[in-house]
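For reference, the structure discussed in these notes is given below.
Just so we're on the same page: letters track the sequence lines, and every chain starts at 1. Note that the coordinates shown come from a computational prediction; the quantities given were computed from them, not determined experimentally.
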There are 2 protein chains.
Amino acid sequence: MDNPKYRKRANLRDVAKLANVSVATVSRVLNTPDSVAENTKAVVNAAIAELRFVPSAAARAINSGRSRVVGALVPTLDHAIFARYLAALEQKLSEYRLSLVVATTNGDASVEAQKAQTLVDIGAEGLIVSGITHEPELFELIERCQLPAVATSYFDPDFLLPTIGYDNAGAGRIALEYLLSLGHSAIAVVHGSLNSNDRTLARLKGLEGHDTARLSFFEADLSIEDGCAATNKILSRDDGPTAILCLSDVLATGVLYELKRHKVAVPDDISVIGIDDLPGSAHTFPALTTVHLPVVRMGHATATAISEWIEHGKRPSERLFETDLVVRESTRARTGI
Amino acid sequence: MDNPKYRKRANLRDVAKLANVSVATVSRVLNTPDSVAENTKAVVNAAIAELRFVPSAAARAINSGRSRVVGALVPTLDHAIFARYLAALEQKLSEYRLSLVVATTNGDASVEAQKAQTLVDIGAEGLIVSGITHEPELFELIERCQLPAVATSYFDPDFLLPTIGYDNAGAGRIALEYLLSLGHSAIAVVHGSLNSNDRTLARLKGLEGHDTARLSFFEADLSIEDGCAATNKILSRDDGPTAILCLSDVLATGVLYELKRHKVAVPDDISVIGIDDLPGSAHTFPALTTVHLPVVRMGHATATAISEWIEHGKRPSERLFETDLVVRESTRARTGI
DNA sequence: ATGAAAGCGCTAACAT
DNA sequence: ATGTTAGCGCTTTCAT
């Protein structure tokens, strides 16, 4: 604009020329400034300033062989539990001076495979995926690129990739058994979509094998709104349950709201339990009993694992985090027991 | 491992050698496959497969001068409104074949400046920041790198960077005026931290100049928990307000819960209004009256603007999205008016 | 249709 | 302390 001879971005050579030094010297003031004499340094810095020189990230990357970027593939960002997890992940990665690229898959494995390719195309040095259900292409990509990759939110020591997560089936079981121990047997289960969501599937699996339980199932999208909708379906049935087990706190939050709207008392008329333990769950009214999922610790551990793998080549071993029951006010013993 | 002569990642030359062609030909089968004879293509592809060749992102970037990465600096991921916004942003950016790197600042401008540098170091081609309050270093960096950068969640046509957002002061005003029109005058305002959060500041600003309003202010962290805490403070005062204006729906959600816990009827005893319109806000009990912030459209517009800027060099003009009042069930006319 | 060779912007080994 | 130079892995003329 105001520069007569419009010049593209300056490079090392331009700086070197202007400062009357070699490119090596310029490179040194950038990387090992202590090894350069004060006055030359000053001249070089002046040239850098004058030319508004900014080192090229790509050129650096090509030499170091590093991009310092890791990619995470998550179903969605628009869900508190993933957001929370990613927040922890990003925070820890940044301690390792690694940046986080987020790609959302919408729970679609083929989108995931395609976005994984995009991540490789921008030079991601590591990949983090959710769950263990993926397209073969994803695994081929990881294999072909020899890419450090871990699967999270799931635990399976036999999985191809190291898993860092928790026992989803166990979380479901804990919730169910607590309800059972409270004397409930007619229980409505509200769960997220079964399409390509192994976490939901596993939680459901954890509900099996309890003869005393009379379970009815209600599928819903993972939103407060759908929690409300599921509640209406539950209430419209003759054989009303005495407890509602939600496989996710978001769902449970909707259930709580809708029960309130119908003037159904919780936990007096119906007990409600969730899984997740979102930040808000401790403060709903009534406070939600739930199974705590250690997503923050999982995020930190994942960041550490992938960093170590990238930096030192050591493949992490799988890692299991405990889930635990958090009893609050939305559950109580079945009356008349 | 099982490869006798352990070989590092293969490159174009290795492939060319194995396929008995030149590197140019290999490059062609990668980029313009139609310009290569079928049989040579087959030979080359076989070599690529055998050597498990993966093109280097850095080397591509150095030639194209592109990284296809844009960076976003947000206060936190762990808040529904930002997560929702980023979800929209990422979705649209990916349509432009751009990847999103997320960096969180914790609302700290100096962390922001430092992370912006990190983003530049990995070769980000564009930057997206939140609000208009930043360290001089941030602006210097943007200026020095001639980096396309936009500020979001805020609107100010006079700002150095193009702003793409909404009128925060206006949103505050809309909420207050609605409460006023309902006959409320003693109003408690619950707002987020004032530290380097120009959005909160602006919303507060929008509350000024209404003589009939008797406002009392309560600062809180942006969490359901702190919404509850603020409510307790409000209720403990003698001169109880007839309405509570929350500058964020998360806060309002906490307020709603806590009022319920204290058996204060909403909206009969106290009206509650929020700002944001989170997905869940339509389904709280009672459903929350709030001011809708068009973060999804803002995310899409931001993605489009930064993409066009990066690809075609056209600096976007600022963009203002309307906020609008969504009347639901948590507000009503002050009784006895 | 294919190849040879010149870079892209930087780092690092080797000289001086 | 500073300079020379050879790459890094690819794309892209320019020939053939």
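The one candidate from B/I132, B/N168, B/T163 that meets the side chain to side chain contact (heavy atoms under 4.5 Å, CB included) condition with B/F155 is B/T163. B/F53 pairs in a side chain to side chain contact (heavy atoms under 4.5 Å, CB included) with only one of the listed residues (B/D14, B/L30, B/L18), which is B/L30.
Every residue two or more places apart in sequence or in another chain that forms a side-chain hydrogen bond (donor to acceptor under 3.5 Å, both in side chains) with B/T25 is listed here: B/S22. For B/H134, the ring-ring contact (aromatic ring centres under 6.0 Å, His included) partners are B/F139, not counting sequence neighbours. Residues that satisfy the side-chain hydrogen bond (donor to acceptor under 3.5 Å, both in side chains) test with B/E50, not counting sequence neighbours, are absent from this structure.
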Enumerate donor-acceptor pairs with a distance under 3.5 Å from any side-chain N or O in residues 77-87 of chain A to protein atoms, sequence neighbours excluded.
from: A/D78; atom 1: OD2; to: B/R84; atom 2: NH1; distance (Å): 2.5
from: A/H79; atom 1: ND1; to: A/I81; atom 2: N; distance (Å): 3.1
from: A/R84; atom 1: NH1; to: B/D78; atom 2: OD2; distance (Å): 2.5
from: A/Y85; atom 1: OH; to: A/T152; atom 2: OG1; distance (Å): 3.2

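Between B/F321 and B/A301, the shortest heavy-atom distance links the atoms CZ-CB, 3.5 Å. When all heavy atoms of A/L127 and A/A116 are compared, the pair lying nearest together is CD2-CB, 4.2 Å. Shortest non-hydrogen contact noted between A/S196 and A/G107 is OG-O, 2.6 Å.
Listed in residue order, the members of residues 38-49 of chain A having a heavy atom less than 4.0 Å from DNA chain C come to none. Within residues 17-32 of chain B, the residues having any heavy atom under 4.0 Å from DNA chain D are, by residue number, B/A24, B/S27, B/R28, B/N31. Residues of residues 54-67 of chain A having a heavy atom closer than 4.0 Å to DNA chain D, listed by number: A/I62, A/N63.
With respect to the salt-bridge test (charged N to carboxylate O, under 4.0 angstrom), the residues B/R52 and A/E140 do not qualify.
Sorted by first and then second residue, the pairs that involve residues 118-128 of chain B and meet side chain to side chain donor-acceptor pair (under 3.5 Å), not counting sequence neighbours, are B/R66-B/E125, B/Q117-B/D121. The ring pair (Phe, Tyr, Trp, His ring centres under 6.0 Å) analysis of residues 10-42 of chain A, with sequence neighbours excluded, yields no pairs. Counting only residues at least two apart or on different chains, the salt bridge (Lys or Arg N to Asp or Glu O under 4.0 Å) pairs with a member in residues 103-118 of chain B are A/E90-B/K115.
Annotation: A/R13, atom CZ; neighbour count of heavy atoms from other residues, nucleotides and ligands within 6.0 Å does not exceed 12. Within a 6.0 Å sphere centred on CZ of B/R319, heavy atoms belonging to other residues, nucleotides or ligands number 12 at most.
Helix-axis bend for the helix from C/dA1-D/dT16 to C/dT16-D/dA1: the local axis fitted to the five terminal pairs at one end deviates from that at the other end by 30°, rounded to 10°.
In this structure, the CG atom of B/D34 is 10 Å from the P atom of C/dA1, given to the nearest Å.
With a heavy-atom cut-off of 4.0 Å to chain A, the contacted part of DNA chain D has its first and last nucleotide at D/dA1 to D/dG9.
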